[in-house]
K.L.:
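My questions all concern the structure below.
As the structure is a prediction and not an experimental result, all values here were calculated from the model. Throughout, numbering of the chain's residues begins at 1 and tracks the sequence.
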Amino acid sequence: QSTGSRWYQRRVRGIRHPEELSLLRCAKEEDLKDARNVTARRTFRVRRANKPKPKKEPGASQNSMNTAGANANGEPLSPHGSVANVCQLTPDEIDHIDIKEGKTMDERAMMNAGWLDSSKSLMEQDVQEGDMLLLRFKYFAFLDLNKQRDEARINALFHQSIRSVLSEDVVPTESECLEFAALQFAVEQAVRNPPKLAPAIAPGKDDLDSALADLEVSLGANDPDLEKLNNTVLPNYNRELQANLKFKKPNKIFFFLAKPKMHKFTFRDTTMSFYKDSAGSGPPDFVQDLKDCSIVPEVDIRKAKYILHIKPPGGKEYLVLFGDKEEFCQWTAACRLASKGKPISDSTYDSEIDIVKTMANMQEHSQTLKLNRNKRAAVTSDEIKTEDFVSARVGRKHRPEQLANLILDAHNMLPRRDHTATELRLNYILKWERLMDFGISYFIVKFDKSKKEELLGISRTHMSKFDLAPPHELLKTWHWTSLQSWNVNWEIKKLTFNVDGDSHTFECNSAEIKIVHEYIGGYIFLTLRKESDTELDKEMFYKLTGGWQ
């Protein structure tokens, strides 16, 4: 049976846009422990189910694939995503499967060696009865997420995003971790006590108002079409920021003891300029293009502390200090947009300010709740299993009872309590998509002109090269819009791509080069999709991802 037939199987399960998913082999501990060993990286074992092979049902196909762990609505019951297997397992058995997640960049790169080839059948890839496969979202470009039509798709994606946060595949700040935990807790509450359903059309609204509301939800999902919309600049609208701010270089010895000085800063397009004197006379002393820079805000309203950590690719971090919250939110929003290559005149600037303000207000409200915490009964760790809500990194910083209270505080700060479980899951996913390191799939590669191995990260908008050694400094970024061509030499297993007239060639040491080729072709295909497309162009998909070996 060709894996291509899984398009129709997923439609039966109620999941639209099945091209975003694929099948992944389960990894064992021994598959990951030698992730830095070149020989070990090139061998990936198939996980076997620890139970007898089932008897073949009369009339059943030898290679038919059943999907275990889904309810009648097509919602996966396992937090690991759906587990596809030939032998039928109970939901309880699926929940107790020990599915390994990579903890380091090397291990995560090794995990990506397990993706099946979408152009080959299961039998051709040595998938046999009893083998365990994970059905996961492979491409992080989700088209038209809609709460009315995508309940099963949103639920599956929600569980995968939880695993991504808890395993630290993405690394949110502690404040963001608590917000994720609050939304996850709200989903559980909504499942246990569903809110009363509102009328299909609220009083005073017509069909057009209802359609516009659905459109607003759909546009909230980050997809390639939205990226194009966000990159449009408002006509005749030249926005610029100017302020006198304090500046620090934390790389200096005893920099915390040094008193920061006031300097003039200006921000235009994606560039921030710095003047040594507060008057800002003459040319700027320092100009920084913030594209691809790391932007990390630090807020402590109780101490009136507003700091922005800025780290250029391959450079050293520096700090910008702000005097009030309004100023901090405006500059942080501009810097966050610029790091994604969007100018301050972008149409999403105002909404980005609202996001930053929400984060600051949540922390302010959280500190108020801490002062009044003694007025309510303490929450025990038995009532909230904190390890199911936050990563081990955050869990080590607090006692279970204290962390449970922090999660409840964040839950109490959610703006609305009448969301359905699906709406809350969608909010979780949208927040997950806004993280700086969201949706990057890693591979260990060696470029022809390099003497050492490096990390290659592939995402929905670009491909990046990182240093393999921690802290994995960003070395280079190539955007899909600049990609002119790519091809694979199947004999020597090397991939060559051309960007802006420059040719780059590399071999992959953590996975088959076909997997990297399929990732590139898959993302190129996804950027060509439109919401108006009702049928999947399978011929174009296989043309871009299949290759000729």
K.L.:
Less than 4.0 angstrom from a charged side-chain N to a carboxylate O is my criterion; do Glu352 and Arg336 meet it?
P.N.:
yes

K.L.:
Could you tell me whether the side chains of Glu174 and His398 share a donor-acceptor contact shorter than 3.5 Å?
P.N.:
yes

K.L.:
Is the Lys NZ or Arg CZ of Lys325 less than 6.0 Å from the centre of Tyr306's six-membered ring, within 45° of the axis?
P.N.:
no

K.L.:
For the CE atom of Met262 and the NZ atom of Lys246, what is their distance to the nearest 0.5 Å?
P.N.:
5.0 Å

K.L.:
Do Phe286 and Ser273 have side chains that approach each other closer than 4.5 Å (heavy atoms only, starting at C-beta)?
P.N.:
no

K.L.:
How many angstroms lie between atom CD1 of Ile355 and atom OG1 of Thr332, to the nearest 0.5 angstrom?
P.N.:
12.0 Å

K.L.:
For Thr496 and Trp486: C-alpha separation, side-chain torsions, deciding distance, then whether side chain to side chain donor-acceptor pair (under 3.5 Å) applies.
P.N.:
CA-CA 6 Å; Thr496 300; Trp486 84 97; over 6 Å; no

K.L.:
Looking at Ser294 and Met436, what are the two nearest heavy atoms and their distance?
P.N.:
CA-CE, 4.5 Å

K.L.:
After noting the C-alpha distance and the side-chain angles of Leu245 and Trp331, does the key distance pass the side chain to side chain contact (heavy atoms under 4.5 Å, CB included) rule?
P.N.:
CA-CA 11 Å; Leu245 306 172; Trp331 284 75; 4.2 Å; yes

K.L.:
Taking the six-membered ring for Trp and the single ring otherwise, decide whether the centroids of Phe322 and Phe328 are under 6.0 Å apart.
P.N.:
yes

K.L.:
Tell me yes or no: between the side chains of Asp169 and Ser167, is some donor less than 3.5 Å from an acceptor?
P.N.:
no

K.L.:
Decide ring-ring contact (aromatic ring centres under 6.0 Å, His included) for Phe142 and Phe137; before the verdict, give the C-alpha distance in whole Å, the side-chain angles of both, and the deciding distance to 0.1 Å.
P.N.:
CA-CA 9 Å; Phe142 317 120; Phe137 286 84; 5.8 Å; yes

K.L.:
So how far is it from Leu430 CG to Leu145 CG, rounded to the nearest 0.5 Å?
P.N.:
7.0 Å

K.L.:
Do Thr461 and Trp480 have a side chain donor and acceptor closer than 3.5 Å?
P.N.:
no

K.L.:
Could you tell me whether Lys138 sits above the aromatic face of Tyr519, with NZ or CZ closer than 6.0 angstrom to the six-membered ring centre and within 45 degrees of the axis?
P.N.:
yes

K.L.:
Looking at Arg16 and Asp144, is there a salt bridge between them, counting it only when a charged N and a carboxylate O are closer than 4.0 Å?
P.N.:
yes

K.L.:
Answer yes or no: is there a side-chain heavy-atom contact under 4.5 Å between Val394 and Lys397?
P.N.:
no

K.L.:
Rounded to the nearest 0.5 Å, how far apart are CD1 of Ile162 and NE2 of His159?
P.N.:
6.0 Å

K.L.:
Compare all side-chain heavy atoms of Asn489 with those of Ile513 and state whether any distance is below 4.5 angstrom.
P.N.:
no

K.L.:
I'd like to know if Arg529 and Asp537 make a salt bridge, using a cut-off of under 4.0 Å between side-chain N and carboxylate O.
P.N.:
no

K.L.:
List for me each residue that meets side chain to side chain contact (heavy atoms under 4.5 Å, CB included) alongside Asp502, sequence neighbours excluded, and say none if there are none.
P.N.:
His504

K.L.:
Is there a side-chain contact between Glu298 and Leu319 in this structure, where contact means two heavy atoms from C-beta onward sitting under 4.5 Å apart?
P.N.:
no

K.L.:
Decide whether Asn112 and Ser441 meet the rule of one side-chain donor and one side-chain acceptor closer than 3.5 Å.
P.N.:
no

K.L.:
Starting at CD1 of Ile15, measure out to CG of Leu157 and round the result to the nearest 0.5 Å.
P.N.:
10.0 Å

K.L.:
Side chains of Pro343 and Leu337: closer than 4.5 Å at any heavy-atom pair?
P.N.:
no

K.L.:
Is there side-chain contact between Phe267 and Ile344, with heavy atoms separated by less than 4.5 Å?
P.N.:
yes

K.L.:
Regarding Lys446 and the six-membered ring of Phe506, is the cationic atom NZ or CZ under 6.0 Å from the ring centre and inside 45° of its axis?
P.N.:
no

K.L.:
Hey, does Glu240 have a side-chain heavy atom less than 4.5 Å from the side chain of Thr266?
P.N.:
yes

K.L.:
Any donor and acceptor pair, going by atom type alone, linking the side chain of Trp478 with main-chain N or O of Phe497 inside 3.5 Å?
P.N.:
no

K.L.:
Hydrogens and angles aside, do Glu168 and Ser391 bring a side-chain donor and acceptor to less than 3.5 Å of each other?
P.N.:
yes

K.L.:
How about Pro470 and Met105: do any of their side-chain heavy atoms sit closer than 4.5 Å?
P.N.:
no

K.L.:
Restricting to non-hydrogen atoms, name the atom on Leu183 and the atom on Lys431 that form the minimum distance, rounded to 0.1 Å.
P.N.:
CD1-CD, 4.3 Å

K.L.:
Have Ser118 and Glu518 got a donor and an acceptor in their side chains that come within less than 3.5 Å?
P.N.:
yes

K.L.:
Is the ring pair Phe247/Phe274 parallel, tilted or perpendicular, if the boundaries are 30 and 60 degrees?
P.N.:
tilted

K.L.:
What's the separation between atom OG1 in Thr358 and atom CG in Asp354, rounded to the nearest 0.5 Å?
P.N.:
6.5 Å

